Amino acid sequence: MTEQDRPSPHRPRPSRRLRFLVLGGTGFISGAVAAEAVARGHDVTCVARGTGGPPPAGARLVRADRDAPGALDALRGERFDAAVESATLSLRRVREALRAVSAAHWTFLSSISVYADTHTAGQSVRTGRLRPALADESLCYDPARDPEPSQAVYGGVKVACEEAVREATDGRAFVVRPGLVVGPGDDVSPFGHWPLRMARGGVAVVPPDVAADGSPVPAQCVDVRDLAAWIVDRATERTAGTFDAVGPTGRLSALLADVAKAVGADTLELVPAPEEVLLAAGVRPWTGPRSLALWPPRALHGALSRDVAPSVAAGLRTRPIAETAAAVLRDRLTRAGAPRPVAGLTPIEEASVLRLLGR
Ligand SMILES: NC(=O)c1ccc[n+]([C@@H]2O[C@H](COP(=O)([O-])OP(=O)(O)OC[C@H]3O[C@@H](n4cnc5c(N)ncnc54)[C@H](OP(=O)(O)O)[C@@H]3O)[C@@H](O)[C@H]2O)c1
């Protein structure tokens, strides 16, 4: 049983066994949604090629390549209580599913990348201006050819997908816009670096507490298990509307201190590096090679400081980051085939920054 499959003692049993369709279900977020629905006793069908591994135990897998003609034919004649669409960047797949699938409630996994302004803090679903919709069905996420599509393309296609979902479902859609999603099973976010780094101990370079312009360096993320629980809750209640899915706003320094407290070795010491030192050392922000994981460029401060109040009012509950860090560390140390984190300084790169700091 994986961390995601493990039932929570607080999970309410369903008053009625629902038929859930997860378009996806073998990957990170969609797999967590399928696992949560199974754990609550629902009848869960996943649709995927299966290259992301099997769906959670207890779910049925309908094997299909959604780029092949008639990919969803196997579902014709079936009626679901809830459908959850996880297509990353494909208006064509989203429209095809809306045509082929019959479901009483529809969840669409969008993204906060739909927002045009990533700079200004405190924006909400109501106040955030959207990117122009990109209603081009030929665009499709291809991680092999373009692992990092531009935000204008990714966000623009998501806007077009949201519009297609709202239009086709006649007000029955729960459109959820996640920010940074972390937790067990995550192989793509920069968060994954920190639990491993803190557990190793020694002197760790961490981002500065304030940016060069004096503004606090923010962090905001949501545990995939909390996101999944919220999606299943809202599908069960047939909630409609559009919501961000992000955790509480806070400072990155506080988040990393909590991670250190949860999983850090006794020898661990955190040393914040000022922005000018990091830039002089050629350290990149946020993610990728030679990056200081989660250190956001100034242009992303707004995207990491969104107003979560409407989502909390709609039932989103988030666990302490310490719990997430412990689960991520366990997952990283025990999951066969877990790749190396995509972000973070190597020990040699970290030592070169420490030398500049006189350590
Ligand atoms: N990860 C984040 O931090 C984040 C943040 C904001 C928004 N989102 C959004 O959340 C959603 C889920 O993201 P995720 O990265 O966690 O994805 P995921 O759950 O791993 O979902 C991808 C699913 O799609 C399936 N799939 C991919 N290509 C397919 C094809 N040709 N035919 C059939 N199935 C196919 C995959 O299964 P197979 O490979 O087995 O086919 C997998 O089950 C996406 O819409 C993403 O844009 C994610």
Side-chain angles (χ1 to χ4, degrees), residues 1-4 6 8 28 32 180-210 216-226 247-248 250-275 277-278 280-296 304 318-359:
M1 184 180 263
T2 69
E3 193 76 40
Q4 288 190 348
R6 196 164 289 144
S8 145
F28 174 47
L180 180 67
V181 185
V182 302
D186 166 32
D187 291 333
V188 297
S189 94
F191 180 84
H193 166 79
W194 285 113
L196 280 172
R197 174 64 194 91
M198 304 286 195
R200 206 170 74 229
V203 185
V205 173
V206 293
D209 189 40
V210 290
V217 174
Q220 194 169 38
C221 56
V222 62
D223 189 300
V224 69
R225 296 163 295 175
D226 298 330
R251 293 173 98 114
L252 178 55
S253 57
L255 179 140
L256 292 179
D258 285 350
V259 174
K261 214 181 291 167
V263 300
D266 291 345
T267 57
L268 181 68
E269 181 192 353
L270 304 185
V271 175
E275 195 167 307
V277 171
L278 294 171
V283 173
R284 297 204 190 116
W286 194 243
T287 193
R290 205 179 174 81
S291 64
L292 193 50
L294 292 179
W295 174 39
L304 293 164
T318 51
R319 70 193 68 208
I321 198 69
E323 257 184 51
T324 302
V328 168
L329 184 63
R330 270 197 304 277
D331 173 58
R332 289 251 152 218
L333 295 178
T334 58
R335 178 160 48 101
R340 286 168 48 82
V342 293
L345 299 176
T346 64
I348 292 173
E349 290 162 352
E350 198 173 48
S352 73
V353 176
L354 287 171
R355 269 196 302 280
L356 289 176
L357 292 169
R359 299 293 301 256

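Just so it is clear, the model here is predicted, and its values are computed rather than measured.
The shortest distance between side-chain heavy atoms of Pro296 and Gln220 does not fall below 4.5 Å. Looking at Val283 and Glu349, their side chains never come closer than 4.5 Å, going by heavy atoms from C-beta outward. Put simply, the side chain of Leu357 reaches to within 4.5 Å of the side chain of Pro274, judged on heavy atoms. A 4.5 Å side-chain heavy-atom check between Ile321 and Phe191 finds at least one atom pair inside the cut-off. In this structure the side chain of Trp286 reaches within 4.5 angstrom of the side chain of Pro190, judged on heavy atoms. Using a 4.5 Å heavy-atom cutoff, the side chains of Leu252 and Val206 are not in contact.
Residues Pro208 and Val217 approach most closely at O-CG2, 3.5 Å, considering heavy atoms. Annotation for Ala293 and Pro207: closest pair O-CG, 4.3 Å, computed over non-hydrogen atoms. Listed here is the closest heavy atom pair of Pro184 and Val224: O-CG1, 4.0 Å. A pairwise comparison of heavy atoms in Pro285 and Ser291 identifies O-CB, 3.9 Å as the closest pair. Closest non-hydrogen pair, Val353 versus Ala281, comes out as CG2-CB, 3.9 Å. The nearest pair of heavy atoms linking Gly183 to Thr324 is CA-CG2, 4.1 Å.
Arg251 places no side-chain N or O within 3.5 Å of a backbone atom of Val210 that could act as its donor or acceptor partner. Here the side chain of Arg284 pairs a donor or acceptor atom with the backbone of Pro289 at under 3.5 angstrom.
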Could you walk me through whether Arg359 and Glu269 satisfy the salt bridge (Lys or Arg N to Asp or Glu O under 4.0 Å) test, starting with their C-alpha distance in whole Å, then the side-chain angles of each, then the deciding distance to 0.1 Å, before giving a yes or no? CA-CA 12 Å; Arg359 299 293 301 256; Glu269 181 192 353; 2.9 Å; yes
From CA spacing to verdict: side-chain contact (heavy atoms from CB on, under 4.5 Å), Cys221, Leu255: CA-CA 10 Å; Cys221 56; Leu255 179 140; 4.0 Å; yes
Derivation of the side-chain contact (heavy atoms from CB on, under 4.5 Å) call for Thr287 and His193: CA-CA 10 Å; Thr287 193; His193 166 79; over 6 Å; no
Output, in order, the C-alpha distance, side-chain angles, deciding distance and verdict of salt bridge (Lys or Arg N to Asp or Glu O under 4.0 Å) for Asp187 and Arg332. CA-CA 9 Å; Asp187 291 333; Arg332 289 251 152 218; 3.5 Å; yes
Take Thr318 and Asp226, measure what side chain to side chain donor-acceptor pair (under 3.5 Å) needs, and give me the verdict at the end. CA-CA 6 Å; Thr318 51; Asp226 298 330; 5.4 Å; no
Asp186 vs Val181, test: side-chain contact (heavy atoms from CB on, under 4.5 Å). Steps then yes/no. CA-CA 8 Å; Asp186 166 32; Val181 185; over 6 Å; no
Tell me which donor-acceptor pairs under 3.5 Å the side chains of residues 196-204 have, and how far apart each pair is, sequence neighbours excluded?
unit_1, atom_1, unit_2, atom_2, d
Arg197, NE, Glu350, OE1, 3.1
Arg197, NE, Glu350, OE2, 3.1
Arg197, NH1, Gly201, O, 2.8
Arg197, NH2, Gly201, O, 3.3
Arg197, NH2, Val203, O, 3.1
Arg197, NH2, Glu350, OE1, 3.0

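Put simply, OG1 on Thr334 and CG on Leu329 are 9.0 Å apart, with the number rounded to the nearest 0.5 Å. Interatomic distance, Leu180 CG to Leu294 CG, rounded to the nearest 0.5 Å: 6.5 Å. With values rounded to the nearest 0.5 angstrom, Leu345 atom CG is found 10.0 Å from Trp295 atom CH2.
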